[in-house]
Amino acid sequence: MEPSATPASSPAAFAPPSGFRLLPGFLDAEAQRHMAAAILAVLEQAPGYHATMPKTGKPMSVAMSNAGRFGWYSDREQGYRYIERHPVTGRPWPAIPEPVLDVWRAAAGFGHEPECCLINLYRDAAKMGLHQDRDEADFSAPVVSISLGDEALFRLGGTTRRDPTRSFRLASGDVLVLGGASRLAFHGIDRVLPGTSRLIPGGGRINLTLRRVTRP
Ligand SMILES: O=C(O)CCC(=O)C(=O)O
Ligand SMILES: [Mn+2]
């Protein structure tokens, strides 16, 4: 017997964990251009790399770099972690650009600055599987995420992998806050919708994920 088609999402059963906030259009077009330019300048200093999966060593489809004291990194040998220097250049990460810090200050509701701005660059068919952000020492600070460039289908679930999930579109300038219970919500990027923005030279999507890494 053919298995019955399972809908990709089950809206009736889905309720986002508390503390989840979507702020559509948080950045206007001018602010997006300004921020994209600041991030492209960071990428000149700290070029994107493809981190590899723990154990398998499979490269991730998303190119990554970082700004801030800590950068998120992964390789086959040591797995997911934060490092204070670029894995290829050996240099400290560039500072988090001021307009990016301003988004955190306005949206996080947390009295301490972020310590990591992970820069994810999605080109072509790059995507990100469902995961939790849990490599930080403290989950009391929210995660603040900024979308720039092409639209993406973002998938949000609950705090266990079995919970129902729902996907929705994120557009350039949208900001997400994962605070409270949603700090440990499963999430991922199903796919990017190519050609939906002209913000990023060469096309694609940049996501900035702002996090505390240490306990303040
Ligand atoms: O690209 C996104 O919107 C999500 C990125 C993400 O979840 C991560 O880097 O941990
Ligand atoms: Mn994440």
Side-chain angles (χ1 to χ4, degrees), residues 16-17 19-24 26-27 32 35-36 39 42-43 48-54 59-68 70-74 79-83 93 96 100 103-104 107-108 114-136 139 141-161 163 165-179 181-194 196-197 199-200 203-213:
F20 173 81
R21 282 191 297 146
L22 169 60
L23 309 171
F26 191 89
L27 300 173
Q32 292 169 38
M35 192 172 288
I39 294 304
V42 168
L43 291 172
Y49 52 83
H50 288 270
T52 54
M53 296 296 288
M60 299 185 184
S61 58
V62 179
M64 296 179 171
S65 187
N66 292 270
F70 296 102
W72 189 86
Y73 185 62
S74 171
Y80 303 152
R81 64 195 186 276
Y82 284 93
I83 57 179
W93 303 105
I96 302 177
V100 177
V103 172
W104 172 276
E115 298 176 298
C116 174
C117 172
L118 169 62
I119 302 167
N120 289 318
L121 174 59
Y122 297 78
R123 303 256 203 216
D124 307 316
K127 58 187 177 163
M128 189 174 287
L130 207 66
H131 66 278
Q132 291 171 298
D133 288 8
R134 51 179 320 144
D135 303 313
E136 301 73 35
F139 303 131
V143 171
V144 174
S145 159
I146 306 170
S147 291
L148 296 170
D150 280 342
E151 289 179 16
L153 270 185
F154 181 89
R155 184 165 292 278
L156 179 71
T159 52
T160 77
R161 201 172 268 285
D163 289 335
T165 66
R166 203 190 85 184
S167 73
F168 50 91
R169 276 189 193 214
L170 288 181
S172 194
D174 291 356
V175 168
L176 279 184
V177 182
L178 298 176
S182 75
R183 175 63 183 75
L184 289 173
F186 279 84
H187 60 278
I189 295 291
D190 289 353
R191 64 191 180 92
V192 170
L193 310 171
T196 48
S197 159
L199 183 69
I200 310 298
R205 170 176 188 259
I206 288 179
N207 167 260
L208 308 176
T209 299
L210 295 166
R211 305 186 187 113
R212 285 289 308 181
V213 175

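Indexing begins at 1, ligand by ligand and atom by atom, following the structure's order.
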Minimum heavy-atom distance between [X] and [Y], given as atom pair plus value:
X	Y	answer
G149	I200	CA-CG1, 3.8 Å
R183	F139	CG-O, 3.3 Å
R212	P114	CD-CA, 4.4 Å
R205	D150	CD-O, 3.4 Å
A181	T159	O-CG2, 3.4 Å

For [X], atoms of ligand 1 separated by under 4.0 Å from a heavy atom:
X	value
L118	9 (O)
I189	1 (O), 2 (C), 3 (O)
H187	7 (O)

Just to confirm my numbers, could you give the angle made at the Mn ion (ligand 2) by NE2 of H131 and OD1 of D133, rounded to 10°? 90°
Answer whether the closest heavy-atom distance between the side chains of Y49 and N66 falls below 4.5 Å. yes
So do L178 and F20 actually touch side chain to side chain, heavy atoms under 4.5 Å? yes
For ligand 1, is any non-hydrogen atom under 4.0 Å from [X]'s backbone (N, CA, C, O), its side chain (CB onward), both, or neither?
X	value
R211	side chain
L176	neither
D133	side chain

Nearest to atom 8 (C) of ligand 1, what protein heavy atom do you find, and at what distance? M128 SD, 3.5 Å
In the protein, what heavy atom is nearest to atom 9 (O) of ligand 1, and what distance, to one decimal place, separates them? N120 ND2, 2.8 Å
Can you tell me if [X] has a non-hydrogen atom under 4.0 Å from ligand 1?
X	result
K127	no
R205	yes
Y122	yes

For the Mn ion (ligand 2), the closest N/O/S atom belonging to H187: NE2
For D190, which of K127, R169, R155 qualifies under salt bridge (Lys or Arg N to Asp or Glu O under 4.0 Å)? R155
With under 30° as parallel and over 60° as perpendicular, where do the rings of F70 and Y82 fit, or are they tilted in between? perpendicular
Backbone or side-chain N or O of N207 under 3.5 Å from ligand 1 N or O: yes
